[in-house]
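Working notes, beginning with the structure itself.
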Amino acid sequence: MISARQTYRHAGRDRKAARPERAHPHPIRFGPNLYIAHTQPGFEGIAADEIAGRISGAREITRRVVPDRAGMTIFFAPAAEKLAAIRTAEDLFGLTGYRAGIGPENKELDKIRGAAREAPLVEAAIQARVKVSPGTRAGRRLKFRVIARMAGEHEYRRVDFQRAVERGVLERGDHTWRLEEEDADVELWATMIDAEFFLTVRLSDDRMRHREYKTAHRPASLRASGAAALAWLSEPREDDLVLDPFCGAGTILVERAHLGRYARLLGSDRDAAALAAARVNVGARYKPIQLENWDAGALPLGDASIDKIITNLPWGLRYGTHGENRKLYPLWFREFARVLKSGGMMVMLTSEWRLMRELERTRRIAPSKIIRVSVLGKPAAIYVCRKE
């Protein structure tokens, strides 16, 4: 049995209470060197932990959520140079302007327009963008576009919000701005969450979300940032012997390789096509990563031979069924407990909340932490367990 002191709020209980508080958030203290990392919803706390752990002097300020779309950790970092190394984020932004206390009425669009016009840190964010994404344009004559998002109840439409921001940017005196939807030099993201207005410059490009190594894909393959989040939660050590028993296209293994040294990374899967994709993604760069065609319920590994198990469990949607999972999950967890060393850790992602709750009741697992997340719009949870 995998056991641990249970100090968590269950992912399947009190779902309203487990959601991030949005009703009356404290306004942020706006200033220089503030950045926002976007994640899939629920992963923002993991990104905040990675940022604080890997960037000297960085600290989280607060969090926000655009429901069903993105989690946001807002943080301070003394410099932008190291931000590109963050792996648990989907996108990075420089906070250029902020205003709280904006009402939902149509007349408040003038305040939004003014806040975009007067945003004081646009130039600083553009310079940070050059450091995070070398080769991007700076200078005085820039083409821009606005990506607008809204959460909460407002009289005005999203397109009205977007147009107000665009007009405000065109009225600025710091650059010769030109609105260009198709071939923009700079993306300005405008976010309205209830009464808070955030204006940001996108610092990252598509390479942060779509890793260059991932050329082979499989249906239901985990996004690289989510895989990195699971790997980060495993508390990487240089002597780790890590197993992913459902390795699919190998994303978790490669992301663990990027987080630091390790003794060995071992991936297995019963799907030959998945293993073929994993071999393409691993290539020569990430060896030694060992890939095997094994059954997770009968692993040819010795007792207490593995330090960490990091995996995206079958959800019973694209592969298998919920009925099959009810039979297989207990077999898998018994096998995981056998091969895991004392003090070892399991980090697992699944949408099978009810099944996981049953396994807790029967003491097959006892998570020390459960993190509710959303993966491509599907509610799921990360379970962290230690073997005592």
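By convention here, the first residue in the shown sequence is residue 1.
- The number of heavy-atom neighbours closer than 6.0 Å to CZ of R326, taken from other residues, nucleotides and ligands shown, is 12 or below.
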Determine, step by step, whether I382 and F43 satisfy the side chain to side chain contact (heavy atoms under 4.5 Å, CB included) criterion, reporting the C-alpha distance in whole Å, the side-chain angles of both residues, the deciding distance to 0.1 Å, and the verdict. CA-CA 10 Å; I382 302 170; F43 288 89; 3.7 Å; yes
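- Screening M345, R264, K308 for a side-chain contact (heavy atoms from CB on, under 4.5 Å) involving V242 leaves a single residue, K308.
- Classification of D271 and R218 as a salt-bridged pair holds, one side-chain N sitting under 4.0 Å from a carboxylate O.
- Counting heavy atoms of neighbouring residues, nucleotides and ligands inside a 6.0 Å radius, atom CD of E238 does not exceed 12 of them.
- Below 30°, between 30° and 60°, or above 60°: for Y98 and F198 the angle between ring planes is between 30° and 60°, a tilted geometry.
- Within a 6.0 Å sphere centred on CZ of R270, other residues, nucleotides and ligands contribute 12 heavy atoms or fewer.
- Within the structure, the salt bridge (Lys or Arg N to Asp or Glu O under 4.0 Å) test picks out the following pairs touching residues 115-126 (sequence neighbours left out): R117-E171.
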Show the atom names and distances, to 0.1 Å, of all donor-acceptor pairs under 3.5 Å that link a side chain in residues 67-78 to residues at least two apart or in another chain.
residue: T73; atom: OG1; partner: E60; partner atom: OE2; Å: 2.8

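- The two residues P330 and R364 make their nearest non-hydrogen contact at CB-NH1, 2.9 Å.
- Counting heavy atoms of neighbouring residues, nucleotides and ligands inside a 6.0 Å radius, atom CZ of R29 does not exceed 12 of them.
- Only one option out of R158, Q162, R157, R163 pairs with D160 in a side-chain hydrogen bond (donor to acceptor under 3.5 Å, both in side chains); it is R157.
- Partner of V186 under the side-chain contact (heavy atoms from CB on, under 4.5 Å) criterion, chosen from V169, L142, T136: L142.
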Could you give the side-chain donor-acceptor pairs of residues 176-184 under 3.5 Å, partners two or more places apart or in another chain?
residue: W177; atom: NE1; partner: D174; partner atom: OD1; Å: 3.2
residue: D183; atom: OD2; partner: K143; partner atom: NZ; Å: 3.0

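- Counting only residues at least two apart or in different chains, side chain to side chain donor-acceptor pair (under 3.5 Å) contacts with residues 222-233 comprise D49-W232, E90-R223, E90-S225.
- Note: H38 and F93 have tilted aromatic rings, judged against thresholds of 30 and 60 degrees for the angle between ring planes.
- Here R207 pairs with D205, E212 under the side chain to side chain contact (heavy atoms under 4.5 Å, CB included) rule; sequence neighbours left out.
- Scored by the side chain to side chain contact (heavy atoms under 4.5 Å, CB included) test, A128 finds Y35, A80, L203 as partners (sequence neighbours excluded).
- Looking at E360 and R357, no side-chain N of the basic residue comes within less than 4.0 Å of a carboxylate O on the acidic one, giving no salt bridge.
- Taking a cutoff of 4.0 Å between a charged side-chain nitrogen and a carboxylate oxygen, E255 and R87 qualify as a salt bridge.
- Of all non-hydrogen atoms in I112 and Y156, the two that sit nearest each other are CD1-OH, 3.6 Å.
- Under the 30°/60° scheme for interplanar angles, the aromatic rings of W332 and Y329 are found to be tilted.
- Contact check on R237 versus D307 returns no salt bridge, with no Lys/Arg side-chain nitrogen under 4.0 Å from an Asp/Glu carboxylate oxygen.
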